[in-house]
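Data block below; observations after.
Proteins come first, then strands; the chains are lettered A, B, ... in the order of their sequence lines, and each starts at number 1.
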Protein chains: 2
Amino acid sequence: MSDLLERLRERGWRLTAQRRVVAEVLNGDHVHLTADEVHARAADRLPEISRATVYNTLGELVSLGEIIEVSTDGRAKRYDPNAHRPHHHLVCSRCGTIRDVHPGGNPLDDLPAGERFGFTVSDVEVTYRGVCPECAAA
Amino acid sequence: MSDLLERLRERGWRLTAQRRVVAEVLNGDHVHLTADEVHARAADRLPEISRATVYNTLGELVSLGEIIEVSTDGRAKRYDPNAHRPHHHLVCSRCGTIRDVHPGGNPLDDLPAGERFGFTVSDVEVTYRGVCPECAAA
DNA sequence: TCCTACAATGGACTTTGTCCAAGTCAATAT
DNA sequence: ATATTGACTTGGACAAAGTCCATTGTAGGA
Ligand SMILES: [Mn+2]
Ligand SMILES: [Mn+2]
Ligand SMILES: [Zn+2]
Ligand SMILES: [Zn+2]
């Protein structure tokens, strides 16, 4: 959504050149970039931007609920700008490609009270794993 | 299950003192330890065991399908000896406590073909998040 | 234009994990 | 019981991902 910057301004977010380029890099709903990938793309537009600033900015956007942190591979976390429509992920075990998926049903309904151990369960994260068509062909 | 060592021997696994203590530490189905936690507990019994050996051994046990790697927090991976009964995890967002859960239904059934993008989907991992009773009380 | 609270910087530091050359040892054969 | 040997272990160097902080810069209001 290109009104991300708009929303941030409305929230009183101090708008700097660095924050602007990070937000621009994250524009588009179908990217799942690591912090270093965000930094690299941001540095194309603003070469002097630091890694620390990218980490800070990503952390703030997560706190604001504008992006979501996903860790599908136990390595670097990825940052997902598709925070508006709830969804899950389908990951290729070979190449790591990530796709957004919107399964039917609500997995929360599958967790009976007896299996909740007194937790107040608020969220569920589902990761489907498999092999993508490209990797299957190769 | 305490026949882990038994099964490993049957598979022709070369049994060393180091591998034995790692397997013993992982004994019991309800632990979800990080590699460093495994190392610390193993070192209680065998002080000279090295980090590299713990990592090697955990990696082998994962390959053998005797334990499962889980990364619920995007930080250190945890090693789960409950590889026999398929299950998912319920994680406290405050303290990180992890519980095994066995939800009803199969989430794979909730992912229609139109949402599979040509992937051959073989596995699904579900993480429920919430607040545990202890953290809620505090 | 000036001020100042907030933001950016870069480098040190931490955590988590991998890799390797050299030494050690479990299991087998004699 | 001993020798043999390929597999295992070790410690330390290295790497990737992320955090922290003192210093410097600046966005936005007065
Ligand atoms: Mn996504
Ligand atoms: Mn478990
Ligand atoms: Zn693939
Ligand atoms: Zn808790």
Separation of [N] [atom2] from [X] [atom1] (nearest whole Å):
| X | N | atom1 | atom2 | value |
| --- | --- | --- | --- | --- |
| A:H39 | C:dG10 | NE2 | P | 9 Å |
| A:R19 | D:dT26 | CZ | P | 15 Å |
| A:L33 | D:dA17 | CG | P | 14 Å |
| A:D36 | D:dG18 | CG | P | 8 Å |
| A:R75 | D:dG18 | CZ | C1' | 14 Å |

Given D:dA17, C:dA8, D:dT9, identify the nucleotide with an atom nearest to the side chain of B:S50.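 Nucleotide nearest to B:S50's side chain: D:dT9.
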Between C:dG17, C:dT9, D:dT10, which one does the side chain of A:E48 approach most closely?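 Minimum distance to the A:E48 side chain belongs to C:dT9.
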Suppose we screen for side-chain hydrogen bond (donor to acceptor under 3.5 Å, both in side chains). Which residues come up paired with A:T53, at least two apart in sequence or across chains?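 With sequence neighbours excluded, A:T53 shows a side-chain hydrogen bond (donor to acceptor under 3.5 Å, both in side chains) to A:S50, given in chain and number order.
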Go through the structure and list residues passing side-chain hydrogen bond (donor to acceptor under 3.5 Å, both in side chains) with B:H87, not counting sequence neighbours.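 Listed in chain order: B:D80, B:H89, B:D100.
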Any side chain to side chain donor-acceptor pair (under 3.5 Å) involving residues 122-136 of chain A? Give me the pairs, sequence neighbours left out, ordered by first then second residue.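 Passing the test, one end in residues 122-136 of chain A: A:E125-B:R129, A:R129-B:E125.
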Would you be so kind as to tabulate the donor-acceptor pairs closer than 3.5 Å made by side chains of residues 101-110 of chain B, with sequence neighbours excluded?
| residue | atom | partner | partner atom | Å |
| --- | --- | --- | --- | --- |
| B:N106 | OD1 | B:L108 | N | 3.0 |

So which of B:R19, B:R41, B:R45 actually passes side chain to side chain donor-acceptor pair (under 3.5 Å) with B:E24?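 Only match with B:E24 under side chain to side chain donor-acceptor pair (under 3.5 Å): B:R45.
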List in chain and number order the residues that pass salt bridge (Lys or Arg N to Asp or Glu O under 4.0 Å) with B:R94, two or more places apart in sequence or in another chain; answer none if no residue qualifies.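 B:R94 satisfies salt bridge (Lys or Arg N to Asp or Glu O under 4.0 Å) with no other residue.
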Both B:G74 and B:T53 contact DNA chain D. Which one's nearest nucleotide lies toward the 5' end?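 Result of the comparison: B:T53.
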In B/S/- notation, 5' to 3', how is nucleotides 18-30 of chain C contacted by protein heavy atoms closer than 4.0 Å? BB-----BBS---
